[in-house]
Asks: 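One structure is given below, represented as structure tokens, and several questions about it will come after.
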Protein chains: 2
Amino acid sequence: MPTKRQALILAEIVRIYNETGQPVGSKTLMGQLPFHVSSATIRNEMATLEEDGLIMKNHTSSGRIPSTAGYRYYLDHLLQPTAVPPQVFDKIAANFDRDYHEIDEIVKQSATILSNLTNYTAISLGPESADMTLTGFRIIPLGNDQIIAILATSAGTVESRVYRLLHLISSDDLEKAVRIINDQLVGLPLTVVKQKLAGEIPQLLTKYLHSSAGFLDLFGDVLKRAASQHFYVGGRSNLLNFAQPTDLDQLKSLYQLLDKESVLPSLLDLNQIDPRPDDPQQVLGPISVRLGDEFNNSLLSDYGLITAKYHVGQHGDGVIAILGPTSMPYSQLIGLLQLFSDELVKKLVEYYGYFHDDS
Amino acid sequence: MPTKRQALILAEIVRIYNETGQPVGSKTLMGQLPFHVSSATIRNEMATLEEDGLIMKNHTSSGRIPSTAGYRYYLDHLLQPTAVPPQVFDKIAANFDRDYHEIDEIVKQSATILSNLTNYTAISLGPESADMTLTGFRIIPLGNDQIIAILATSAGTVESRVYRLLHLISSDDLEKAVRIINDQLVGLPLTVVKQKLAGEIPQLLTKYLHSSAGFLDLFGDVLKRAASQHFYVGGRSNLLNFAQPTDLDQLKSLYQLLDKESVLPSLLDLNQIDPRPDDPQQVLGPISVRLGDEFNNSLLSDYGLITAKYHVGQHGDGVIAILGPTSMPYSQLIGLLQLFSDELVKKLVEYYGYFHDDS
DNA sequence: GTTAGCACTCATAACAATCAAGTGCTAAAA
DNA sequence: TTTTAGCACTTGATTGTTATGAGTGCTAAC
């Protein structure tokens with residue numbers, strides 16, 4: 001446990017290291033700290049901080065840089081979010097000022113905007129609620145043996161995909177099948193729909209149809225797509241801004257990692273409720289930060305991820321996050337992210353608002 | 001005009017430089033050429049090649065590397081495509097062995113497969129025909145003021161997008177509008193549809209509907225999307241394989257370039273019919289190569305693009321391309337690309353084949 | 001507990017020396 | 001006329017040396 005003075009020194013090291021990217025020495029600190037002590041005193045304090053594992057040096061006679069543990073302590077106890085300048089606020093609003101046709105368009109754009117604002121990479125996930133229900137399922141023949149299947153949910157998301165039935169099922173049976181799905185399943189949560197799809201639905205179909213071949217696969221496929229999480233990654237190329245030219249291979253792997261939708265949930269740590277059981281300050285609100293070694297992926301050991309969970313009424317929770325180097329201007333970014341997720345929520349509520357005018 | 005012997009030397013320089021990435025000297029060449037002359041003789045020949053601008057050196061006493069003009073000459077007169085080993089052939093087939101629901105899925109996957117095979121970046125564009133016609137337009141209400149608009153074309157592509165009408169138009173009028181579109185426009189090429197949309201259609205709509213507000217924008221939007229080219233870029237991260245660590249900024253710009261769909265047509269040089277008016281050898285068939293300074297973009301000055309145009313019956317032409325450094329193993333890649341585009345065409349024909357069973 | 005002073009460490013830059021690869025040129029050989 | 005051996009010369013890369021400077025740890029005095 002660092003003393004108050006040590007904590008101030010740590011905070012200053014974080015700040016300066018962040019600005020300059022260079023290790024911070026005792027003399028530099030002397031000129032910057034809010035109290036005056038000699039460099040020798042600072043050196044003594046720094047020695048203690050180093051014993052505690054909060055700062056470290058590259059070689060015997062270099063200045064200190066924060067260790068991951070140091071960042072952790074800084075984030076949990078010292079950081080104060082900075083107010084966001086009004087022009088940034090305007091910029092967010094201006095970027096969001098478009099007509100969106102689907103929620104995913106808003107969510108996707110939010111990742112783009114956030115990455116442009118920060119010059120880091122942004123990841124976004126739309127609002128999701130466990131009790132999102134099925135509101136309708138349609139199949140429209142398009143001629144040429146093509147059909148399009150459309151599934152709408154209470155969250156306002158619409159999933160559609162083209163299929164080809166290859167004469168496996170008559171159009172009569174198809175209509176019946178769609179009617180059965182709607183009669184039986186509309187209004188039910190997608191999770192329940194999934195269960196019923198494995199249970200009673202197949203029996204119903206075989207009872208009333210001549211052949212249900214292919215239909216179940218089709219419906220299952222659309223359902224799976226409608227229920228799956230869609231992540232959007234914006235500003236991938238910003239990873240090049242701070243990459244060491246030496247480890248391009250690592251960077252390549254990271255690029256490939258971000259393209260795999262399957263790993264993003266674990267990155268964003270979606271399953272964990274309260275990640276920090278100790279006593280972190282509460283200024284961060286719904287924002288949390290994960291640092292290098294806290295990922296279970298060595299590729300990210302030099303990266304940090306600032307995650308904000310946002311909440312959109314009954315439509316559930318979404319996530320928006322900033323991925324960058326361990327050393328980021330956290331106090332500014334967290335302020336920004338707080339504001340940004342508020343704006344995103346506003347935009348989403350606005351969308352849903354129209355949405356419910358009519359229902 | 002290089003002599004026969006100089007041409008052989010140039011070809012060998014290209015080959016060795018490609019393998020090693022190092023400038024090639026006269027002694028190295030002496031051991032590799034299909035004829036024996038002394039290194040001094042080779043030096044003389046190289047001096048001539050350099051006068052002709054086909055090779056160059058980094059500094060006074062370094063080996064030679066091919067200049068862009070040298071590559072150009074090599075590609076036009078010397079290159080011989082290499083036969084593709086059967087296991088590569090199998091790999092292509094295995095990767096394509098899936099059920100595809102839409103043409104764009106095949107096209108997209110083709111970029112991914114090609115980039116994996118080559119370890120370069122691949123760009124693909126689906127087959128397009130100028131006389132693709134409109135085969136149907138639907139609007140399906142989804143409740144909650146949402147509708148989905150669906151446009152199908154003779155090329156088998158289906159464009160769908162969700163819209164919200166906000167009470168601007170009654171569902172009666174909407175149905176009528178859709179009927180008018182289908183009556184008037186089905187069977188016409190999309191280009192003609194576009195013209196009519198600017199001409200007589202608005203009048204028809206105002207004649208028969210109470211209000212057509214919003215509908216024209218909506219239809220125009222779907223139409224535009226259906227008619228626009230969709231490029232797919234696969235293996236972006238492969239750009240990191242050969243990037244100089246020094247010019248990460250340039251690389252970042254290139255990444256952003258590849259994300260802009262609007263610049264890809266000019267990259268692929270889609271408008272040009274016969275790019276090389278002089279007398280290139282014909283072994284390349286429908287494949288052409290563009291080198292650095294032949295792009296009108298300085299970002300690409302160190303890159304090369306191997307482009308194959310393919311043809312799918314009446315469904316028009318598509319393009320598949322490999323983007324990599326100026327120095328690539330062209331003879332292998334061109335053989336591969338030839339084979340690959342054949343396989344892609346097969347797969348597409350297979351898709352269209354089913355497609356027309358029914359019509 | 002704080003501070004001035006000092007010896008010590010280490011990365012970095014600058015500089016010279018050396019080496020290896022490769023060139024151009026000349027004069028002799030074919 | 002073409003080819004080749006020989007040689008002087010250029011240049012980048014490597015290595016070793018030295019100087020510099022930022023920064024530390026420690027000690028003794030305040």
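Just so it is clear, the structure is predicted and the values come from calculations on it, not from any experiment. So that the names make sense, note that chain A is the first sequence line, chain B the second, and so on, each numbered from 1.
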Asks: Starting at the 5' end of nucleotides 7-13 of chain D, put B wherever the base has a protein heavy atom under 4.0 Å, S where only the sugar-phosphate does, and a dash everywhere else.
Replies: ---BBS-
Asks: Check whether the side chains of A/Asn116 and A/Lys91 place a donor and an acceptor atom closer than 3.5 Å, and report yes or no.
Replies: no
Asks: Taking the six-membered ring for Trp, are B/Tyr17 and B/Tyr71 ring centroids under 6.0 Å apart?
Replies: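 No, ring centres 6.0 Å or more apart.
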Asks: Closest to the A/Ser38 side chain: D/dG25, D/dT4, C/dA4?
Replies: C/dA4
Asks: Would you name the heavy atoms of A/Thr326 and A/Ser301 that are closest together and state the gap between them?
Replies: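 For A/Thr326 and A/Ser301, the tightest heavy-atom pair comes out as OG1-O, 4.1 Å.
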Asks: Counting only side-chain heavy atoms from C-beta out, which of D/dT24, C/dT2, C/dG5 sits nearest to A/Thr41?
Replies: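 That would be C/dT2.
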Asks: To the nearest angstrom, how far is B/Ile42 atom CD1 from C/dG22 atom C1'?
Replies: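 Computing the B/Ile42:CD1 to C/dG22:C1' distance gives 13 Å.
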Asks: Answer yes or no: is there a side-chain heavy-atom contact under 4.5 Å between A/Tyr73 and A/Pro2?
Replies: yes
Asks: Pick out the pairs of N or O atoms, protein on one side and nucleotides 14-19 of chain C on the other, that lie under 3.5 Å.
Replies:
none

Asks: Sequence neighbours left out, cut at 3.5 Å: what donor-acceptor pairs do the side chains of residues 23-40 of chain B make with other protein atoms?
Replies:
unit_1	atom_1	unit_2	atom_2	d
B/Ser26	OG	B/Arg43	NH1	3.2
B/Gln32	OE1	B/Arg15	NH2	3.3
B/Ser38	OG	B/Ala40	N	3.3
B/Ser38	OG	B/Thr41	N	3.3
B/Ser38	OG	B/Thr41	OG1	3.1
B/Ser39	OG	B/Arg43	NH1	3.3

Asks: A/Val37 has a side chain; which of D/dG25, C/dG22, C/dT3 sits nearest to it?
Replies: C/dT3
Asks: Can you tell whether the side chains of A/Asp259 and A/Arg236 come within less than 4.0 Å, N to carboxylate O?
Replies: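 Here A/Asp259 pairs with A/Arg236 in a salt bridge, since their nearest N and O are under 4.0 Å apart.
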Asks: For a 4.5 angstrom cut-off between non-hydrogen side-chain atoms, does A/Thr82 reach A/Leu336?
Replies: no
